[in-house]
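Predicted model, so just to flag it, every value in this text is computed and none were measured. In the text below, chain A, chain B and the rest are named by the order of the sequence lines, each starting its count at 1.
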Amino acid sequence: YAKCGSLDEASSVFKRQPTKNLVTWNSMIAGYVQHGLGQAALDLYENMLQDGLTTADQVTFAFLLQACTSIGALHQGELLHANICESGLESDGLIGSCLIKLYSKCGSLKDARGVFDKLPMKDVVTWTAMISGYAEHGLGQEALALYASMQSEGMTPADPVTFLCLLPACANTGALQQGKQLHGQIQEMGLEADVMVGNSLVDMYAKCGSMGDARKVFDRLLTRDVVTWNALLTGYAEHNDAQMAVQCFDNMLQQGVEPDETTFICLLVACSHAGLVHEGQQYFKMMLEDGILPTVQHYNCMADLLGRSGRLKEAEAMLQAMPFHHN
RNA sequence: AUCGGUUUACUGUAG
């Protein structure tokens with residue numbers, strides 16, 4: 001029931017279970033976590049402790065750590081970490097990855113690294129979790145360095161996920177050469193048909209200033225989604241090529257791809273940087289007509305567009321008419 | 001029977 005989306009039914013079956021074993025508890029805790037209800041999962045664990053008949057195992061802890069991660073409950077997570085050590089489960093690979101993710105999402109990369117270093121057996125997921133932690137905190141060089149260590153220990157990526165963490169690291173640090181090497185590995189592994197990998201490659205090349213390569217990857221992709229188009233569009237916008245950005249948008253529409261919120265932000269940015277005030281206003285209207293509700297970020301782009309071109313009063317009026325609080 | 005790593009966007013300060 002939980003996995004099929006009916007948490008209510010899962011919960012009512014759970015409550016009616018006369019005896020609950022470890023898997024009963026784990027399944028219900030997992031259900032809450034998978035539905036983004038981290039606090040409910042932690043509360044249920046309290047019930048389990050009060051019940052006193054079941055002892056948590058590595059699966060329980062893995063879900064509880066995910067619950068903490070999802071609600072940013074670092075302190076709770078630290079308490080669980082202590083319990084995990086008391087239970088002798090700190091060397092478990094599954095728990096290790098969850099702890100790394102908890103600490104890194106809560107901004108405590110040193111603790112994440114501490115867990116990583118202490119893990120006796122590291123698999124690709126462990127390495128990737130740590131790489132992802134560095135990458136997400138803008139430490140692209142550390143992420144790439146860790147990948148180098150991973151390879152020197154004879155570990156190779158098994159699927160696209162590791163690349164999906166590394167490519168943004170290259171993108172954010174402008175590491176074009178490393179990005180190209182990764183691209184080579186991706187081709188050797190036959191992963192270039194993966195849409196997410198393709199999107200990341202387009203983004204990486206665009207951010208590294210190589211729009212030609214970005215375009216090549218884009219053109220060769222058999223499957224594209226709105227993110228693929230947005231990544232390319234962002235590239236053009238970022239390189240102050242408003243013409244290409246607009247052309248890209250037109251092509252996108254021609255091919256029947258529905259623009260989303262992000263698409264319009266990319267477009268508005270392109271117009272803003274190029275001083276295309278009128279066009280920007282047109283796109284803003286188009287977005288409203290498409291039934292896309294503008295967010296604070298769209299209004300910010302509009303204020304930027306108007307402000308840059310010296311239309312301060314219009315910019316101010318735009319922000320005052322905005323149906324949200326400013327950020 | 002229950003379990004871990006996942007891609008794209010904007011502004012503002014200094015340089």
Side-chain angles (χ1 to χ4, degrees), chain A residues 2-3 10 21-31 33-34 56-66 69 92-102 104-105 112 116 119 122-133 135-136 143 150 157-169 171 194-204 206-207 214 218 224-238 245 259-273 280 294-308 315 319 326-327:
Chain A
K3 274 198 176 157
N21 67 12
L22 180 60
V23 176
T24 321
W25 287 101
N26 284 353
S27 301
M28 196 62 233
I29 291 173
V33 172
Q34 282 156 358
D57 70 350
Q58 66 271 31
V59 177
T60 325
F61 284 122
F63 279 118
L64 293 173
L65 291 171
Q66 289 179 72
T69 304
D92 185 273
L94 168 65
I95 297 222
S97 302
C98 291
L99 280 169
I100 291 169
K101 186 171 172 183
L102 168 77
S104 86
K105 295 269 174 193
F116 177 82
L119 278 174
K122 300 177 178 63
D123 63 11
V124 186
V125 176
T126 322
W127 283 93
T128 305
M130 194 65 235
I131 289 171
S132 166
E136 273 189 14
M150 170 177 148
D159 58 29
V161 181
T162 311
F163 295 112
L164 293 175
C165 297
L166 288 165
L167 289 170
D194 185 289
V195 194
M196 292 204 275
V197 170
N199 293 348
S200 300
L201 282 170
V202 171
D203 177 54
M204 181 277 291
K207 292 227 169 86
F218 180 91
R224 304 185 190 111
D225 61 13
V226 66
V227 175
T228 327
W229 287 92
N230 289 349
L232 192 69
L233 196 52
T234 302
Y236 288 128
E238 201 67 27
D260 66 1
E261 283 179 21
T262 303
T263 313
F264 283 102
I265 290 182
C266 302
L267 257 182
L268 293 176
V269 170
C271 292
S272 173
H273 288 176
T295 65
V296 147
Q297 295 167 325
H298 293 97
Y299 280 95
N300 287 346
C301 288
M302 288 307 288
D304 181 55
L305 173 83
L306 295 164
R308 267 183 215 262
L319 291 182
H326 56 78
N327 64 13

From the options B:rC10, B:rU8, B:rU2, select the nucleotide whose nearest atom is closest to the side chain of A:V23.
B:rU2
Between B:rG5 atom P and A:F116 atom CZ, what is the distance in whole Å?
16 Å
Phosphate OP1/OP2 of B:rU8: any A:K207 side-chain N/O under 4.0 Å:
no
Looking across every strand, which nucleic acid part, if any, lies under 4.0 Å from A:T162 by heavy atom: base, sugar-phosphate, or nothing?
base
Within the distance-only criterion (no hydrogens, no angle test), does the side chain of A:S97 pair as donor or acceptor with the backbone N or O of A:G93 below 3.5 angstrom?
yes
Whole-Å distance separating the CG atom of A:N199 from the C1' atom of B:rU7
6 Å
Looking only at atom types and distance, does a side-chain atom of A:R224 sit under 3.5 Å from a main-chain N or O of A:F218, one as donor and one as acceptor?
yes
The side chain of A:L94 is closest to which nucleotide in this list: B:rG4, B:rU7, B:rU11?
B:rG4
Identify whether any heavy atom of A:Q66 sits under 4.0 Å from a base atom; if not, whether one sits that close to sugar-phosphate; answer base, sugar-phosphate or nothing.
sugar-phosphate
Nucleotide of B:rU8, B:rU7, B:rC3 approaching A:F63 most closely (side-chain heavy atoms):
B:rC3
Counting side-chain heavy atoms from CB outward, which of B:rU6, B:rC10, B:rC3 is closest to A:K105?
B:rU6
Under 4.0 Å between a side-chain N or O of A:S132 and OP1 or OP2 of B:rU6?
yes
What is the distance, rounded to the nearest whole Å, between atom CG of A:D225 and atom C1' of B:rU6?
14 Å
Which part of the nucleic acid, if any, lies within reach of A:V269 when heavy atoms closer than 4.0 Å are counted: base, sugar-phosphate only, or nothing?
sugar-phosphate
Under 4.0 Å: is that the gap between some side-chain N or O of A:Q34 and OP1 or OP2 of B:rC3?
yes
Regarding the side chain of A:C301, the nearest nucleotide among B:rU6, B:rC3, B:rC10 is B:rC10
Identify whether any heavy atom of A:D123 sits under 4.0 Å from a base atom; if not, whether one sits that close to sugar-phosphate; answer base, sugar-phosphate or nothing.
base
Is there a donor N/O on one and an acceptor N/O on the other, under 3.5 Å, for the side chain of A:D304 and the base of B:rU11?
no
Heavy-atom donor-acceptor pair, A:D159 side-chain to B:rG5 base, under 3.5 Å
yes
Answer yes if the side chains of A:N199 and A:N230 hold a donor-acceptor pair under 3.5 Å, and no otherwise.
no
Using whole Å, report how far CG of A:N300 lies from P of B:rA9.
16 Å
Between CG of A:L65 and P of B:rC3 the distance, given in whole Å, is 15 Å
Find the distance A:I100:CD1 to B:rG5:C1' and express it as a whole number of Å.
9 Å
Mind checking A:T128 for me? I need base, sugar-phosphate or nothing, with any heavy atom below 4.0 Å counting as a touch.
base
After noting the C-alpha distance and the side-chain angles of A:F116 and A:T126, does the key distance pass the side-chain contact (heavy atoms from CB on, under 4.5 Å) rule?
CA-CA 7 Å; A:F116 177 82; A:T126 322; 4.1 Å; yes
Atom CG of A:L22 and atom P of B:rA1 are separated, to the nearest Å, by 14 Å
Of the nucleotides B:rU2, B:rU8, B:rG5, which one has an atom closest to the side chain of A:A30?
B:rU2
Less than 4.0 angstrom between a side-chain N/O of A:K101 and OP1 or OP2 of B:rG4, yes or no?
no
B:rA9, OP1 or OP2 - any side-chain N/O from A:H273 closer than 4.0 Å?
no
Output the single nucleotide from B:rU2, B:rU7, B:rA9 whose closest atom is nearest the side chain of A:T234.
B:rA9
Do side-chain atoms of A:S272 reach the backbone of A:L268 as a donor and acceptor pair under 3.5 angstrom?
no
Base, sugar-phosphate, or nothing for A:G96, non-hydrogen atoms under 4.0 angstrom?
nothing
Using a cut-off of 4.0 Å on non-hydrogen atoms, how would the nucleic acid contact of A:T126 be classed: base, sugar-phosphate, or nothing?
base
Examine distances only and state if a side-chain atom of A:H298 and a backbone atom of A:E261 form a donor-acceptor pair shorter than 3.5 Å.
yes
Proximal nucleotide (of B:rA9, B:rU2, B:rG4) relative to the A:C98 side chain
B:rG4
Send over the distance from A:L201 CG to B:rU6 P, rounded to a whole Å.
18 Å
Short side-chain donor-acceptor distance under 3.5 Å, A:D203 and A:S200:
no
Annotated structure of RNA chain B as dot-bracket, pair cut-off 3.5 Å, Watson-Crick or G-U only, | for inter-strand, is ...............
Side chain of A:K3, heavy atoms from C-beta onward: which of B:rG12, B:rC3, B:rG4 has the nearest atom to it?
B:rC3
When all nucleic acid strands are considered with a 4.0 Å heavy-atom cut-off, which category describes A:V197: base, sugar-phosphate, or nothing?
nothing
Is there a side-chain polar atom (N or O) of A:K122 under 4.0 Å from OP1 or OP2 of B:rG4?
no
Just to verify, which of A:I95, A:L64, A:N26 counts as forming a side chain to side chain contact (heavy atoms under 4.5 Å, CB included) with A:V59?
A:N26
Side-chain contact, heavy-atom cut-off 4.5 Å: A:E238 with A:H273?
no
Report yes if some heavy atom in the side chain of A:T262 is under 4.5 Å from a heavy atom in the side chain of A:C266; otherwise report no.
yes
